[in-house]
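Let me begin by presenting the structure, written as structure tokens, before commenting on it.
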Amino acid sequence: MEMEDHIRREFSKRFGSDGSLYASAGRINLIGEHTDYNGGFVFPGAIDKCIMAEIRPSGTDMVRVFSIDIDEYVEFGLNEADAPEQQWARYIFGVCREIIKRGGKVEGFDAVFAGNVPLGAGLSSSAALESVFAFALNDLFNDNTIDKFELARIGQSTEHNYCGVKCGIMDQFASVFGKKDHLMRLDCRSMEFEYFPFEPKGYKLVLVDSVVKHELVGSPYNRRRESCERVAARLGLQTLRDATMDDLDAVKSDITAEDYMRARFVIGEKQRVLDVCDALVKGDYETVGERMYETHRGLSKDYEVSCEELDFLNDVARECGVTGSRIMGGGFGGCTINLVKDELYDSFVETASKKFEERYGHAPKIYDVVISDGAHKC
Ligand code: GLA
């Protein structure tokens, strides 16, 4: 409520009368990392941390936006070729351009937005920002004729074309399609998906944010993707989705050791997602947790997207008897996602916070996860 009031006050101060209010969420991913751009499976859900925007058509061809959190105002013309300098505004600019590119309509508007998705934590604040604007512009100017998958693709293309990150579809998909108390298993090749009820009895999901963000110098995310694409091409496949470990071993001597390790992780991760979905249906949280630890090991040793701080948090989780723990999201910093028995929750959070602070000089941040709805009009 506080965020909404703040946005409403700021909007009327800057632009006069009221606009419409929209929100879209950040996401967690239980398992299935770096599989989306490999045509594999992911298993995300939207969370109760969102970006909210008040928007009103202005009858001009200008976009005027104020970001409360960054305390910056940006305006750009819809026919301008150059994206704004401010990173946050590039996301909005990109969404407008991508809608127009697809034959959709965008006219000038005024907007004020704010959010409580932690930045740099791997919770996809950027996808939430793209999705809230894509959703709103679809409602305000296109009579909601752009389907939800296309809204997710508009966000993804914004990352590709205006922000330089060749990401997959998971974050934008989760932000648009999220449903309260449900995770979604998405097949990123066919784009078929299924909602899985997620209310683990006797367990909690908790995120431990290292508050560390390593520079993505030379864009290591894109380099991971290129490794996978090279191996797929060597195997004569479109993506690694259809590759087996035997296929990979058959070309081992023709590819670099690094590419081999990257592909080994991706091929293993495909099966882990399917295992976790089956285990969840049976209420077998031990198996869910085991697979999470395996994913962490793979992301750390084979995919090399973890870092010392996150490996440390993973070790502490294991020592505390946490059922499952792993680095979540793209990597290179951010947080771990932990599946913890109710009775261990307090001691785990306390121990992890204390040990981390002793070692790194700052406390991690703790977020309890509530699986919530994705993009919507408020
Ligand atoms: C980032 C990307 C996603 C996905 C994850 C890793 O969040 O935006 O598309 O690739 O990393 O699973």
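In listed order, ligands and their atoms are each counted from 1. For clarity, every value in this text was computed on a predicted model and none was experimentally measured.
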Discussion item. In this structure, is the centre-to-centre distance between the rings of H34 and Y303 below 6.0 Å?
Written reply: yes
Fill in: S325 versus N338, side-chain donor and acceptor atoms under 3.5 Å
yes
Worksheet item: Which protein residues have a heavy atom closer than 4.0 Å to any atom of ligand 1, listed by chain and number?
Response: R27, E33, H34, D36, Y37, C167, G168, M170, D171, Y221, G329, G330
Practice prompt. For E358, enumerate each residue passing the salt bridge (charged side-chain N to carboxylate O under 4.0 Å, His left out) test, keeping only those at least two apart in sequence or located in another chain.
Written response: K354
Discussion item. Both conditions, 6.0 Å and 45 degrees, for the charged tip of K105 above the ring of F141: are they met here?
Written reply: no
Item to complete: Using the test salt bridge (charged side-chain N to carboxylate O under 4.0 Å, His left out), find all partners of E72 that sit at least two apart in sequence or belong to another chain.
Response: none
Practice prompt. Would you please name every residue forming a ring-ring contact (aromatic ring centres under 6.0 Å, His included) with Y345, sequence neighbours left out?
Written response: none
